[in-house]
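A short write-up of the structure that comes next.
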Amino acid sequence: MTEHLPAACRWTSRLAVFSLVVFAAAALLHRLGLPTPAAFNMVIMAYAGASLAFVLAVAGTASIWRHGGGGTSRVVVGFIISMLMFGVAGIAGTLASQFPVLNDVTTDTQSPPVFVELAKLRGAASNPSDYPKPFAAVQAKYYPDIKPLVIERSVEEAQEIAMETLRRQRFQIVHEDPSGVIEAFDRTMILGFYDDISVRITGNEERARIDVRSASRFGVSDFGHNATRVRTLLKEMVARLEETVPTAEGERVSSTSKIQKPGSKAEKERSRKKEIPRKPQVRDRQGALREPAPKGSRQAEGGSQAPDKRPAQSRE
């Protein structure tokens, strides 16, 4: 005889498993390229199913308590999966509360770099491409260290350094303007959310100023990712600057190579050793080391006789 299962017990496990699959599929498909609004809708559907599964688990528990019967394992599955999903949401909420409600960070809050080509990639459900003015006070409170980078280099060289830094970070370059504007975007590692980056270089042939802006395309809070990205970019640019030093001819050489100044003691010693060849050493018949005989002498020619000690005859 088949054991009777209350409807609440049957559907609580089904809904719970279905909700978990939809949630996992939303995360995976979004990382693979599913539009963020569609992924958000899938997550909402998953949590709606998890909520209903939890309610049915409670109803199934009450039915088993009152009337007995099977279905306990299904109720347990519904409880575990729904609580697991709500636990993930709770952890995300706790982490978000540790960061300011901010999704746009820049080194210049008064006149931040703009999004031109990136604005075309933002849809109606995306965050506005214009910098929200209220964010300036929030950033000044929580991220006061984020400031523009001023370097003693030309604008052209600063732009090259900025481009190389973005490539090293493996950002997708969208637009590069010779006037000193670079636009790119990045994706978060796990869920693949899009973040837009704009770099602006201003100055002259002797000094340049680099401003950076990083903004989330979706979401209210960025969990501090944009501030971290701006700090990382500025740090990498400084590291790149320190890798090269200017020479008298205006060229850039690696600062890691050992460059000896002309006229220094080490340079003189190196030149002396290079110019004066080292005399070869030879051994006599007893094996002792001695200096080689001068060229043209009888010893150098192979003779072994003792030198003639008779006085030379004077010429008439």
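If you chain together hydrophobic residues whose side chains sit under 4.5 Å apart, Met83 and Val22 never meet in one group. Hydrophobic clustering places Ile146 together with Phe223 (ILVMFWY residues linked when any side-chain heavy atoms are closer than 4.5 Å, directly or through intermediates). Note on Phe171: it clusters hydrophobically with Ile201, by side-chain heavy-atom contacts below 4.5 Å among ILVMFWY residues. Linking Ile, Leu, Val, Met, Phe, Trp and Tyr residues whenever their side-chain heavy atoms come within less than 4.5 Å places Val77 and Tyr47 in a single cluster. Under the 4.5 Å side-chain heavy-atom criterion for Ile, Leu, Val, Met, Phe, Trp and Tyr, Ile173 and Ile161 are members of the same hydrophobic cluster.
Under the 30°/60° scheme for interplanar angles, the aromatic rings of Tyr194 and Phe185 are found to be tilted. Taking the six-membered ring where the residue is Trp, His30 and Phe193 present tilted rings, their angle falling between 30° and 60°.
Side chain of Thr188 to main chain of Ile190: no donor-acceptor pair is present (N/O by atom type, distance under 3.5 Å, no hydrogens or angles). Formation of a donor-acceptor pair under 3.5 Å by the Gln169 side chain with backbone atoms of Leu233 is not found in this model.
Note that the CG atom of Asp196 and the CD atom of Glu117 stand 12.0 Å from one another [nearest 0.5 Å]. Between Ser19 atom OG and Met45 atom CE the span is 9.5 Å, to the nearest 0.5 Å.
The residues Arg209 and Asp211 are annotated as salt-bridged, a charged nitrogen and a carboxylate oxygen being separated by less than 4.0 angstrom.
The closest side-chain heavy-atom distance from Arg229 to Val105 is not below 4.5 Å.
For the salt bridge (charged side-chain N to carboxylate O under 4.0 Å, His left out) test, residues two or more places apart in sequence or in another chain that qualify with Glu164 are Arg168, Arg240.
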Can you give each donor-acceptor pair under 3.5 Å made by side-chain atoms of residues 129-136, sequence neighbours left out, with the distance rounded to 0.1 Å?
| from | atom 1 | to | atom 2 | distance (Å) |
| --- | --- | --- | --- | --- |
| Tyr131 | OH | Ala136 | N | 3.3 |
| Lys133 | NZ | Gln110 | O | 3.4 |

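A donor-acceptor contact closer than 3.5 angstrom is absent between the side chains of Asn127 and Ser216.
For the pairing with Arg213, the side-chain hydrogen bond (donor to acceptor under 3.5 Å, both in side chains) check across Thr106, Thr109, Asp104 returns one residue only, Asp104.
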